[in-house]
Structures are given as C-alpha cells and as structure tokens.
Amino acid sequence: MSDPATSLRTEGLTKSFGGVLAVDRATVELREGKINGLIGPNGSGKTTFFNLITGMIKPDAGRVLYRDRDITRHSPHRIAHAGIGRTFQLCRIFPRLTVMENMLVAVRRTRLRELLAGLRDKGEVERARHWLRRMGIEHLEEAEARDLSYGQQKLLELAAALMAEPELVLLDEPAGGVNPALIDRIVSLVRDLNAEGRTFLVVEHNMDMVMGMCDHVVVFDRGAPIAEGPPAVVREDPRVLEAYLGV
Ligand SMILES: Nc1ncnc2c1ncn2[C@@H]1O[C@H](COP(=O)(O)OP(=O)(O)OP(=O)(O)O)[C@@H](O)[C@H]1O
Ligand SMILES: [Mg+2]
C-alpha cells in the first residue's frame, strides 16, 4: 500500500552499537505537510533514528525512503541537498564565529576560508538576514555565537538549518533547556514554517509542547515504534504509559 501523502518512510531500520540495539527494525511513516512528533523514554533510539535518516551514521539493516527515493547510505550532504534539514539535541554551532558567519557556513557555497577572508555572497547574506529576522535575532548578527544565550543559540541553529531551504525539518529537543517564553516562540515559529509547507519531525520530552503542537505522534520504546496516532489518542495509550513508567 503506497500512501501518496508520505514524505519520509523508514523500513526495518536497524542500528546497534556494540551490544546495544539502539534502533531495532523501525518502520515509520511520516505525515507529509504535518508536524510529526517522536517521543519515547531516554535511550529509546530517537537521536540515533535522526542520525540514520540524515546519513550521519549508517544502518546495519533497513532502508530510508524520502519521497519514494531510496536515500539509505547517502552522504549527509546529499541528504541535506535532497531537502532534509535538522538541528541537534546539544546545540551545534561554531562558538567563535559570529552569528552571520554561522549562517553562511551552513550553506555549502560559502567556504570557511572565503568567509574568513571577508568574501561574502550578497544573496546568501540577504537570505541569512531574512531567517535571523524570522527568529528575532537579527540584532545579534555580528555577535560571536558563544555570547548568545542558550535559547538564542537554539534559534540560531534553527535559522542555520533553514538556510538550505529544507522541506522536511528534524528537530531534536528544541525545547530542552529553554525558558517557557522561548518555548512558546519556537512553537509558533514551527507552526508558521509548517503552514508554509514544511514537514516537521520533532523529538521532544516536553509533553505539553508535543501534545499541543503535533498533528501525529510516534512513540519509540527500545528502538522501535510501539504506538502512533493523534496526540489525544497516544497520551491515553496504556503501552505508552508502560514504556515511560518502565513497567
Ligand atoms: N555512538 C554511540 N555509541 C554507543 N552507544 C550509543 C551511541 N549512540 C547511542 N548509543 C546508545 O543507543 C541507545 C539509544 O540512544 P539515543 O541517543 O538514540 O536515545 P534517545 O532516545 O535519543 O535518548 P534521549 O531521550 O536521552 O536523548 C542508548 O542506549 C545509547 O546509549
Ligand atoms: Mg536523544
């Protein structure tokens, strides 16, 4: 059965690290054009699942299909180019580069050496300003990234991910360590970006955020989905409570 509204699909995706089976035959289908949530206890394989989709680690078995094209084992660069962007659980930005420099290195066309020599593509700079404005951090353009608050660094990371114009955006714990006011802002940004046609997959432990923001939620336990559906259904599912309570 082929659902036309599928942007990303994994089939039997599997990865172990030594004796630890991190992702275990995970078959998952995302809803295209929707905000998909991925929840599950600590260590249930969510970040590894992201790393497998984005090509940062190679699966032991299984496939990743994006818009019906097999992208398993493609390089991270090629996968980004295909339209999949991501942020990291622990912010990954260059602390000693400025905000603008971080935005520009996120785009392959601007190489670090050119950047440091002061060579900047005007079009890229304009696009970077556009995303910084959308995130509300345009005034920090010339600040070094390490001087930003943690929440501002998260916004910068999201802005940088958007430089490649992804159609599918994976967010790994966007609310982790972020204050409530900023969480609200991130939620409304994700909603706006989704309304513009981007599909999201959001890993998040903040249940209020997940349940309030997502259209469809997939629950992982021990490396594979154990339940999925609309937030209101998933939250009442006894298997989900069991997974969290470790019964
Ligand atoms: N590079 C690695 N080397 C060895 N073990 C790893 C590696 N990456 C992940 N693991 C293990 O794989 C399992 C899944 O980890 P993963 O980080 O994917 O979980 P998670 O669901 O993202 O957890 P959290 O909610 O705490 O972020 C864990 O047991 C973890 O210790
Ligand atoms: Mg994780």
Side-chain angles (χ1 to χ4, degrees), residues 8-30 35-64 71-76 79-80 84-93 150-151 153-155 157-158 160-161 166 168-178 182-183 186-187 190 199-214 216-229 231 234-235 237 239-247:
L8 185 110
R9 178 181 162 80
T10 67
E11 292 175 353
L13 210 55
T14 300
K15 177 70 189 181
S16 55
F17 298 104
V20 179
L21 196 48
V23 172
D24 183 10
R25 290 163 292 173
T27 295
V28 174
E29 216 171 87
L30 298 190
I35 303 176
N36 298 264
L38 177 58
I39 63 171
N42 292 116
S44 56
K46 305 178 299 295
T47 296
T48 305
F49 187 67
F50 270 24
N51 289 336
L52 290 168
I53 292 170
T54 52
M56 308 203 53
I57 57 176
K58 307 295 172 207
D60 300 330
R63 303 200 297 163
V64 182
I71 59 164
T72 323
R73 288 166 209 287
H74 286 192
S75 69
I79 291 170
I84 303 179
R86 77 172 291 179
T87 63
F88 290 86
Q89 184 167 356
L90 303 165
C91 229
R92 272 208 202 171
I93 53 174
Y150 183 69
Q153 291 184 10
K154 289 256 200 195
L155 291 171
E157 207 196 0
L158 178 54
L168 168 63
V169 187
L170 312 182
L171 305 179
D172 200 350
E173 298 197 24
V178 168
L182 193 51
I183 291 177
I186 291 172
V187 168
V190 169
T199 300
F200 279 83
L201 177 60
V202 184
V203 166
E204 186 47 63
H205 285 291
N206 181 326
M207 284 304 139
D208 288 342
M209 184 184 187
V210 170
M211 297 300 170
M213 181 176 78
C214 296
H216 183 80
V217 178
V218 177
V219 187
F220 260 37
D221 188 32
R222 292 172 223 196
I226 53 159
E228 65 174 288
V234 160
R235 107 194 306 159
D237 191 318
R239 287 168 300 180
V240 177
L241 299 174
E242 252 175 50
Y244 272 93
L245 298 174
V247 179

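Quick note: residue numbers are just sequence positions, from 1. Just so you know, ligand 1 is whichever comes first in the structure, and atom 1 is the first atom listed for that ligand.
- In this structure, the side chains of Leu8 and Ile84 come closer than 4.5 Å at one or more pairs of heavy atoms.
- For the pair Thr54 (side chain) and Pro76 (backbone), a donor-acceptor distance under 3.5 Å is absent.
- Close approach of ligand 1 to Glu173 (heavy-atom distance below 4.0 Å) involves ligand atoms 25 (O), 27 (O).
- Of the protein's non-hydrogen atoms, Phe17 CD1, 3.2 Å is the one closest to atom 6 (C) of ligand 1.
- A side-chain contact (heavy atoms from CB on, under 4.5 Å) with Phe50 holds for exactly one of Ile57, Val203, Thr87; it is Val203.
- Atoms of ligand 1 lying under 4.0 Å from at least one heavy atom of Val20, given by number and element, are 12 (O), 29 (O).
- Without hydrogens or angle criteria, Arg73 side chain to Pro59 main chain gives a donor-acceptor distance under 3.5 Å.
- Scanning the protein heavy atoms around atom 12 (O) of ligand 1, the nearest turns out to be Ala22 CB, 3.3 Å.
- Formation of a donor-acceptor pair under 3.5 Å by the Asn36 side chain with backbone atoms of Val218 is not found in this model.
- The closest approach between Gly45 and ligand 1 falls below 4.0 Å for a heavy atom of the residue.
- In this structure, Lys154 contributes its side chain and Glu173 its backbone to a donor-acceptor pair below 3.5 Å.
- Looking at Lys46, Arg222, Lys15, His205, it is Lys46 that brings a heavy atom closest to atom 21 (O) of ligand 1.
- No side-chain heavy atom of Thr10 sits less than 4.5 Å from a side-chain heavy atom of Thr72.
- Where the criterion is an N or O separation shorter than 3.5 Å, residue side chain and backbone included, Gly43 meets it with respect to ligand 1.
- For atom 26 (O) of ligand 1, the closest non-hydrogen atom of the protein is Asn42 ND2, 2.8 Å.
- Residues Val219 and Val234 meet the side-chain proximity criterion, which asks for heavy atoms closer than 4.5 Å.
- Those atoms of ligand 1 with a heavy atom of Gln89 less than 4.0 angstrom away are 27 (O).
- Proximity annotation for atom 22 (O) of ligand 1: of Val203, Ile57, Thr47, Thr47 comes nearest, heavy atoms only.
- For atom 30 (C) of ligand 1, the nearest protein heavy atom lies 4.0 Å or farther away.
- Put simply, Thr48 stays out of reach of the Mg ion (ligand 2), with no N, O or S atom under 2.8 Å from it.
- Among the atoms of Asn42, none of the N, O or S atoms falls under 2.8 Å from the Mg ion (ligand 2).
- Counting only distance, with no hydrogens or angles, the side chain of Lys15 and the backbone of Ala61 share no donor-acceptor pair below 3.5 Å.
- Nearest protein neighbour of atom 18 (O) of ligand 1, counting heavy atoms only, is Thr48 OG1, 2.6 Å.
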